[in-house]
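A note on names: the letters A, B, ... follow the listed sequences, proteins ahead of strands, and every chain is numbered from 1.
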Amino acid sequence: MTQALADLLYPHIDTTPEDWYRRYPPRSLPEGAWVTRFAPSPTGFVHIGGIFTSLVARQLAHQTGGVFILRIEDTDKKREKDGSVEEIVRNLNNFGLTPDEGIVQVDPEEREVGDYAPYTQSERIEIYESFAKFLVARGLAYPAFDTEEELERLRKIQEAQRLKPGYYGSFAKWRDAALDAVKAELDKGSRPVLRIRAPFPTEERLRFTDGIKGDLDLPVNDQDTVLIKSNRIPTYHFAVVVDDTLMRVNLVIRGDEWLPSAPLHFQLYQYFGLTPPRFAHVAPIAKMDGDSKRKLSKRKDPEANVTYFHEQGYPKEAVAEYLLNLANSAFYEWRKANPTAPHTAYQVRLDNMGVSSPLFDLVKLNDVSKDIIASYSAERVYEEGMAWARVHNPRLAAILERDKAYTLRVFNVERTGDAPRKDIVNWSDIERACGFFFDDLFAESIAANGYPMPEKVPTEDIGRILEAVIAFDLARSKEDWLATMRDLAESLGYARDVKTYKKNPESFKGHFGDVMMVVRVALTGKTNTPDLYEILQTLGAERAAERLRAAAAQFASA
RNA sequence: GGCCCUAUCGUCUAGCGGUCUAGGACGUGGCCCUUUCAAGGCCAAAACACGGGUUCGAGUCCCGUUAGGGUCACCA
């Protein structure tokens, strides 16, 4: 009877799961190797959570000698967007998460790699139907012809009677339909969905240990969930079990929104007589929305989309290290102990991952990013900064490119030595941090904001201070310059140093720092900048003098 | 509403019955250093949701309350 139904539904299928198990044999990998995957659907948007789970999944695979796969779950044709797959691949590559297997490249020539192909679900229909036929033949799945309206009506009834919604037990109209009834519908041209035959009622529990959440105790699935839609495309639940099995994935790392459907997945493994893989359900990254916490939303939160980080110009290491920090707080300790090791050398531990949603913290990301950029050479800052600026700030790119040697000198200011300056947050921050070195940007800033001179320094002092700097020969040493400036400060009635000033604040107009601030503002238009002597050297005598004169003129006339 | 998960400084967390007068990081404040801004050093404020148990002893185990979160589609 059930075999007849199977043949009726899938007359064209003559393969069995066994055939596919042979076609996709177990992998020969070292003991304890994890085979993991990222399996997004191509909806035109890569969520930061996807990068987070991929990072963990890839790291875990690599540190055990396993494989990280990218599989495309395009089972919802309605939501699919053109170019999404390329977008996913590109983003993965951008964050250094290139898969070992599956869809690995945008280039169509070398797009797909691996012996477990195809890696796109819409190309695997025959496989799913073999597995479907297997279930039908054993009475573990059945066709159902309910229309959308009928299902809607069912929902209403259940709601009114305060019953659990769904297709189950006596509500499952097609559960035990006669073969003739199925045939009749088929002859009418109706296309059925395939539903799993779940036990109902059942008090049974499913117990398993999640890699992150620990011991779990869930009710066994009693819903006759749709396995294959009427358009012959499987639902996620069915496809994921079949694919993970055939691709020999042994560690499923996914968002914890899947936890409630895990019992259905376990049920499928059981129906196929398979040992389920290990699961690890990751809590989603959240943010505060008013008083409540919620998952980062693609509609409301720009930072939910990974392209945001790219557009802002965060180096990929910065995002990766921030996420690694979120995954394992011990990463910080490791980083301190191994300041120069690549983050990929860190051994991620699943059982150290948090079980509840962490809040996304941009301030912390910025801190991580500043550290990372501070560790780069001027050349690297130039290259990566230029790569970003060419796309996102062409005007800045043109300015930086105009005199590469000069730009490199700019990026090298306070970059050498034990404590490199940490002032660039990301590539889009270059303009704010270093813009004043470039005449166009400097002129703009002065035009817009003027000179934010310290108020305690009178105008007549400003002229004298600036003249002294113009007169100073830049070939002389930093010590000479500081000594000269100190003498000047003193002669104008300012304390030689902060200490002297603090001892006797009333007897000075201010201290050396205030005098230097005048120079800083004249030279840069800003109150916070790197070392002044280095700035003078970088700008060069001519350009520096020009700026100092312009400022002096401004305050002389005032 | 049913089911499930979670609950330590503002944030990320360490903690797996005594070593917790609860540790670290980011952030915040102060001091030192300093030509400025960073960095760095030192210091400070800052948390075990609540109520019951169990125990000689509970942040750690159990129960409840409360509060968050997730999920209940022919979407993933």
Sugar-phosphate, base or nothing in reach of A:Ser261, heavy atoms under 4.0 Å: nothing
Can you pull every protein N or O that's under 3.5 Å from an N or O on nucleotides 68-70 of chain B?
| from | atom 1 | to | atom 2 | distance (Å) |
| --- | --- | --- | --- | --- |
| B:G69 | OP1 | A:Lys293 | O | 3.0 |

Distances for protein N/O vs nucleotides 37-41 of chain B N/O pairs under 3.5 angstrom?
| from | atom 1 | to | atom 2 | distance (Å) |
| --- | --- | --- | --- | --- |
| B:C37 | O2 | A:Arg421 | NH1 | 2.2 |
| B:C37 | O2 | A:Arg421 | NH2 | 2.2 |
| B:C37 | N3 | A:Arg421 | NH1 | 3.2 |
| B:A38 | O2' | A:Lys422 | O | 2.9 |

Presence of A:Lys78 side-chain N/O under 4.0 Å of B:A73 phosphate oxygens OP1/OP2: no
Under 3.5 Å side-chain donor-acceptor pair for A:Asn338 and A:Tyr346: no
Heavy atoms of other groups near A:Arg432 CZ, more than 12 under 6.0 Å: yes
Separation between the C1' atoms of B:G23 and B:U60, rounded to whole Å: 15 Å
Atom P, compared across B:G70 and B:G29: separation rounded to whole Å: 33 Å
Quick test: give all pairs of protein nitrogen or oxygen and nucleotides 32-34 of chain B nitrogen or oxygen below 3.5 Å, distance rounded to 0.1 Å.
| from | atom 1 | to | atom 2 | distance (Å) |
| --- | --- | --- | --- | --- |
| B:C33 | OP1 | A:Lys499 | NZ | 2.8 |

Carboxylate-amine/guanidinium contact A:Asp244 A:Arg71, below 4.0 Å: yes
A:Lys526 to A:Phe436 six-membered ring, cation-pi geometry met (6.0 Å, 45°): no
Approximate separation, where rounding is to 0.5 Å, of A:Asp301 CG and A:Ile285 CD1: 11.5 Å
Check: A:Ser329 side chain, B:C12 base, donor-acceptor under 3.5 Å: no
From A:His281 atom NE2 to A:Arg254 atom CZ, the distance as rounded to the nearest 0.5 Å: 4.0 Å
More than 12 heavy atoms from other groups under 6.0 Å of CD on A:Glu152: yes
Touch class at under 4.0 angstrom, heavy-atom based, for A:Val226 against every strand present: sugar-phosphate
Side-chain donor-acceptor contact under 3.5 Å, A:Thr529 with A:Arg520: yes
Atom P, compared across B:G64 and B:C5: separation rounded to whole Å: 12 Å
